[in-house]
There are 2 protein chains.
Amino acid sequence: MADKRVTIADVAKATGVSPGAVSRILNNDPTLNVRDETKETVRRAIVELGYVPNPQARGLRLARSGSLAMIVPEINSPAFVAIIQGAQRAAFELGYSMLIGGIGEEGEDPNLAARILSSNRVDGFLISTGKQEARQLAAVQRLGAPAVLVNRYLNEQFPHVILDDEAGVMLAIRHLAELGHERIGFLGSTRRFLGTRRLAGFKRGLTQCGLRLDKRFIVNCGYDREGGEAGAHAVLALADRPTAIFATNHLVAAGALRVARQLGLSVPGALSVISFYDGPVADLLTPAVTSIAYPLDQLGYDAVRMLVRLITGETPTAAGITIRPTGLVIRQSTGPISE
Amino acid sequence: MADKRVTIADVAKATGVSPGAVSRILNNDPTLNVRDETKETVRRAIVELGYVPNPQARGLRLARSGSLAMIVPEINSPAFVAIIQGAQRAAFELGYSMLIGGIGEEGEDPNLAARILSSNRVDGFLISTGKQEARQLAAVQRLGAPAVLVNRYLNEQFPHVILDDEAGVMLAIRHLAELGHERIGFLGSTRRFLGTRRLAGFKRGLTQCGLRLDKRFIVNCGYDREGGEAGAHAVLALADRPTAIFATNHLVAAGALRVARQLGLSVPGALSVISFYDGPVADLLTPAVTSIAYPLDQLGYDAVRMLVRLITGETPTAAGITIRPTGLVIRQSTGPISE
DNA sequence: CTGAAAGCGCTTACAG
DNA sequence: CTGAAAGCGCTTACAG
């Protein structure tokens, strides 16, 4: 049953129309002039026969592979699972398959994309570089293949889908300010592009809440637990240490929580911690971490749609999409100072 | 440059051989009789011209899509990231792409596989069902399409790759016994197939270490944090409560840790906790959790290789592969009783 | 033994 | 306006 492949010829035979016409009807060819009635008949036959176009034949003819590659960094950020999920959904809906490369590859290969491209199996790329950001992006640009940056940024022209980092961080700061915090630390990057956007949100948030910016509270740290630990040590060693910390992801937050524990600072009694990104890990930390929620699956979803537009040459949307936060998920790591 | 697709005809022209012969050389056709010298020439030309076979044309001709689908449950178990990663790697090496379905789909669709299959784009399935295990497996079986169960089991005949649950759990029990624990709890499933394998390991481990089995310490619980909390409450409420707990995954372990905290039981001073699976989450829990390490990427890798064998009809390997644990990763959640 | 030719299932330029 | 025919890049049964 599954072996009886129905082809376009079967549909043609069943309806007395030429295969070419069926194809045209299928693809809504505007140059086709045929009675609506005929179109209806063909459409009905397609459903009845259970005809599904063969993507290989289509791809061969159109010189398209029908698959996309997503290059992701080592999954140090749990955010990627949600992003990949959204991307997969969009790809499936649009008839593309997706190949995920680079996950946890030891030492990211800046030529990974080139290697995949030359394998003849991919029409375009979703790119989320990891450590070697600059080199990777340069390599992608050199390829000249359709590509969309996912949660990464090169310049305004290069297609990208990113989060509204600034708006999210402002929500976080406002939450902390409402709890009475006045001295807030920032653990993240002051150099990477997305880091500076978060830092901008941090500063604007403080200003908006009438709080003073203390540069000693801003720490440029690595995006892993060790980075969080180092950063937390730095700000918590200060005599007038912050009473709250913004962490740029869950790993950094986990590091901060660990240091707080070591220093005997109860969370949130003596120190509040809030994290960028919401996700399953936030709930597993101790205490569970308040975080900024974004529809991360949407990020992947929109990126794929944008990429497919690029590939098919449809009217391009804007070169950039920004995903707004949906709010905060308030858990046990933030509260008023009580000690 | 990327547009100048090199085809088999180019190779043929460059070497003065027919395209058919090039194809035969490429695929090591044993019926082909040609001088080794010619083969060498062709092979060299392939490299020089940078010829890469077009998988679409190949697929069209062979009636194969060149892609696989992996059906995964909602990613409640962090184990899946590693499994997917290994599967992707194998798929890429073998020239297949992979499509991941079902991640976090609301209410898993038992017909998801059928839907994907009818989309004409997949040669076979990697199956890791979630909640509706029985129904999903039945649906897959009905499909009749090549499929391999990943970390799931139906019967000895149906192709599967699973972990050596028993050996792993025995390692865990021995570790606890060596720390002096005599009363050990089991939080997992006593019904699901894999659960019973772990339970068997638990029992054998106790026997091997000369420990007595106390049935009250065995709790059938859900595989999420809430399940872990419920299970931990059940065993820790006992007057002669266990001094150590085996948890069937990290979420269950997280639940157990949370209950221990609520009850004022220090870990590992008053209670040790050990978890199945090692992974990034283990290190983020408080305290970081000792766990049983398996090469999970290998699980995905082997499953893809097995599936491709099934598809191509190559000499089938055994219907089942069992992946052995690589050992324990000892962290802060296990230790001798000190309180 | 080996090379030419058919055909996989589509799409679309082109002839009628 | 519309249908027949060519061709995308492979593989392999088949004729020579």
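All heavy atoms count here, side chains included; hydrogens, waters and symmetry mates do not. Small disclaimer: the values here were computed from a predicted structure and weren't measured. Letters A, B, ... mirror the listed sequences (proteins, then strands); counts begin at 1.
With values rounded to the nearest 0.5 angstrom, B:Leu117 atom CG is found 5.5 Å from B:Leu143 atom CG. Note: A:Ser65 OG to A:Leu60 CG = 12.0 Å, rounded to the nearest 0.5 Å. Expressed to the nearest 0.5 Å, how far CZ of B:Phe80 lies from CG of B:Asn151 amounts to 6.0 Å.
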For side-chain contact (heavy atoms from CB on, under 4.5 Å), just list the numbers for A:Val42 and A:Leu26, CA-CA rounded to whole Å, side-chain angles, deciding distance to a tenth of an Å, and then say yes or no.
CA-CA 9 Å; A:Val42 171; A:Leu26 217 50; over 6 Å; no
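Across the protein-nucleic acid pair, B:Lys13 atom NZ and C:dA4 atom C1' stand 16 Å apart, rounded to whole Å. As a whole-Å value, the separation of A:Leu60 CG from C:dT12 C1' is 14 Å. A straight line from CD1 of A:Ile25 to P of C:dT12 spans 15 Å, rounded to a whole angstrom. Atom-to-atom, CG of B:Asn54 to P of C:dC10 comes out at 17 Å; the value is rounded to the nearest Å. With rounding to whole Å, B:Asp29 atom CG is found 13 Å from C:dG3 atom P. Atom CG in B:Asn28 sits roughly 13 Å away from atom P in D:dT12 (whole-Å rounding). The distance between atom CZ of B:Arg64 and atom P of D:dT11, rounded to the nearest whole Å, is 11 Å. For the pair A:Arg58 CZ and D:dG7 C1', the interatomic distance rounds to 16 Å; values are reported in whole Å.
Base contact: A:Ser23 has a heavy atom under 4.0 Å from a base atom. Residue B:Pro55 is out of contact with every strand shown, counting any heavy-atom pair closer than 4.0 Å.
Two residues, B:Arg24 and B:Leu62, neighbour DNA chain C, and the one matched to the more 5' nucleotide by heavy-atom proximity is B:Arg24. Of the residues near DNA chain C, A:Asn27 and B:Ser18, the one whose nearest nucleotide (by heavy atom distance) lies more toward the 5' end is B:Ser18. In terms of position on DNA chain D, the residue among B:Ala21 and B:Gln56 whose nearest nucleotide sits closer to the 5' end is B:Gln56.
A salt bridge does not link B:Arg64 with B:Asp123: none of the charged nitrogens is closer than 4.0 Å to a carboxylate oxygen.
Neither OP1 nor OP2 of C:dT12 sits under 4.0 Å from any side-chain N or O of A:Arg61.
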So what's the dot-bracket for DNA chain D: Watson-Crick or G-U pairs under 3.5 Å, [ ] if a pair crosses, | if it pairs off-strand?
|||.||||||||.|||
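Ring geometry for A:Tyr153 against A:His160 counts as perpendicular: the plane angle is over 60°, on a 0 to 90° scale with 30° as the lower cut.
Side chain to side chain, A:Tyr301 and A:Gln85 fail the donor-acceptor criterion of an N or O pair below 3.5 Å.
Straight-line distance between the P atoms of D:dG7 and C:dG16: roughly 15 Å, to the nearest whole Å.
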